[in-house]
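Let me begin by presenting the structure, written as structure tokens, before commenting on it.
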Amino acid sequence: MTANGGQEQSRWITTVIMSAALQNHEISTILQRQQHRVRYSESVETGSVIFSLSGVAFILADTQDLLMTREESFFKRIQKFINIHRNSFLVLSAALHGPEEWNVMFRIQRRFLGSNLRIIPVHNTAETVKLMLTIAKITSKPRADDIRNQVATTKAQIVENSPVWKMLQEYQLHCN
């Protein structure tokens with residue numbers, strides 16, 4: 001019997017559309033090793049990884065590269081990316097997130113404040129793949145519905161068993 005009540009945990013496998021520029025990247029290799037179907041496209045933004053069934057898109061950037069390039073050209077790439085993808089994430093990679101790296105992140109956050117872009121700092125490729133798969137998995141249609149139902153059930157149980165809720169019910173009974 002397994003830890004989750006005797007049911008075998010099925011592996012989650014999905015199709016990933018990646019920028020052709022990432023074809024020889026370690027992220028591509030890791031995703032393929034995990035049996036995900038990886039497709040490459042020249043028509044997507046350079047450095048992007050798209051989980052179409054989940055509706056999420058990631059654009060990868062190395063903080064050190066950003067420190068050496070023109071900020072405005074990078075901002076244009078990000079703007080184009082978030083105009084296309086409603087559920088977008090910028091994955092900022094740095095071995096160490098020191099003051100310079102946090103400053104870059106702050107400038108990006110300030111520039112895209114109020115947009116649908118979410119910025120996630122990571123340290124390495126393994127961490128990048130793990131976070132992308134986690135986000136894609138929990139936002140995929142059957143999983144998102146399951147999670148929503150679990151949250152609603154948990155919330156109802158918490159409210160139902162809450163001493164404050166019981167006290168309010170007793171108070172209401174005494175008032176009537």
Inset, instruction - Look at the side-chain heavy atoms of Ile, Leu, Val, Met, Phe, Trp and Tyr, link any pair under 4.5 Å apart, and say whether I108 and L131 land in one connected group. - result: no
Inset, instruction - Kindly write out the residues that satisfy side chain to side chain donor-acceptor pair (under 3.5 Å) with H97, not counting sequence neighbours, or none if the list is empty. - result: none
Inset, instruction - Let me see the working for T128 and I27 under side chain to side chain contact (heavy atoms under 4.5 Å, CB included), right down to the final yes or no. - result: CA-CA 8 Å; T128 301; I27 288 175; 3.7 Å; yes
Inset, instruction - Could you tell me which residues satisfy side chain to side chain contact (heavy atoms under 4.5 Å, CB included) with Q32, sequence neighbours excluded, listed by chain and number? - result: S28, V38, Y40
Legend entry - Within residues 31-42 or reaching into it, pairs that qualify as salt bridge (Lys or Arg N to Asp or Glu O under 4.0 Å) - sequence neighbours excluded: none
Legend entry - Distance (rounded to the nearest 0.5 Å) between L60 CG and T125 OG1: 9.0 Å
Inset, instruction - Could you list who else is in L96's hydrophobic cluster, with ILVMFWY side chains joined at under 4.5 Å, directly or through other members? - result: none
Legend entry - Set of residues satisfying side chain to side chain donor-acceptor pair (under 3.5 Å) with respect to Q23, sequence neighbours excluded: none
Legend entry - Polar side-chain atom of H36 near backbone of I13 as donor-acceptor pair, under 3.5 Å: no
Legend entry - F106: partners by ring-ring contact (aromatic ring centres under 6.0 Å, His included), with sequence neighbours left out: none
Legend entry - Residues forming a side chain to side chain donor-acceptor pair (under 3.5 Å) with R107, sequence neighbours excluded: E71
Inset, instruction - Check the pair E26 / I30 against side chain to side chain contact (heavy atoms under 4.5 Å, CB included), numbers first and verdict last. - result: CA-CA 6 Å; E26 191 179 355; I30 293 171; 4.1 Å; yes
Legend entry - Pairwise distance CD(E100) to CG(L66) - rounded to 0.5 angstrom: 12.0 Å
Legend entry - pair R111-Q79: side-chain heavy atoms closer than 4.5 Å: yes
Legend entry - Pairs involving residues 118-136, ordered by first then second residue, that meet salt bridge (Lys or Arg N to Asp or Glu O under 4.0 Å) (sequence neighbours left out): none
Inset, instruction - Mark yes when over 12 heavy atoms from residues, nucleotides or ligands other than Q109 sit less than 6.0 Å from its CD; otherwise mark no. - result: yes
Inset, instruction - Output all residues satisfying ring-ring contact (aromatic ring centres under 6.0 Å, His included) with F81, sequence neighbours left out; order by chain, then residue number. - result: H85
Legend entry - L31 and L133, any side-chain heavy atoms less than 4.5 Å apart: yes
Inset, instruction - With the side chain counted from C-beta on, respond yes when I119 and L92 share a heavy-atom pair under 4.5 Å apart, and no when they do not. - result: yes
Legend entry - V104-F112 co-clustered via ILVMFWY side chain contacts under 4.5 Å: yes
Legend entry - Residues in side chain to side chain contact (heavy atoms under 4.5 Å, CB included) contact with S93, at least two apart in sequence or another chain: D62, V122
Legend entry - E101 side chain to G98 backbone, donor-acceptor under 3.5 Å: yes
Listed pairs under 3.5 Å, donor-acceptor, residues 44-59 side chains, sequence neighbours left out:
unit_1: E45; atom_1: OE2; unit_2: R77; atom_2: NE; d: 3.3
unit_1: S48; atom_1: OG; unit_2: E45; atom_2: O; d: 2.6
unit_1: S54; atom_1: OG; unit_2: A136; atom_2: O; d: 2.6

Inset, instruction - Compare all side-chain heavy atoms of M105 with those of L90 and state whether any distance is below 4.5 angstrom. - result: no
Inset, instruction - Mind checking side chain to side chain donor-acceptor pair (under 3.5 Å) for N124 and listing every partner two or more places apart, or none if nothing turns up? - result: none
Inset, instruction - Indicate if I78 and I135 have the same hydrophobic cluster label, given that clusters are the connected sets of ILVMFWY residues with side-chain heavy-atom separations under 4.5 angstrom. - result: no
Legend entry - Within one Ile-Leu-Val-Met-Phe-Trp-Tyr cluster: F89 and I82, side-chain cutoff 4.5 Å: no
Inset, instruction - Please report the C-alpha distance between Q64 and T69 in whole Å, then the side-chain angles of each, then the deciding distance to 0.1 Å, and finally whether the side chain to side chain contact (heavy atoms under 4.5 Å, CB included) criterion is met. - result: CA-CA 9 Å; Q64 292 304 312; T69 60; over 6 Å; no
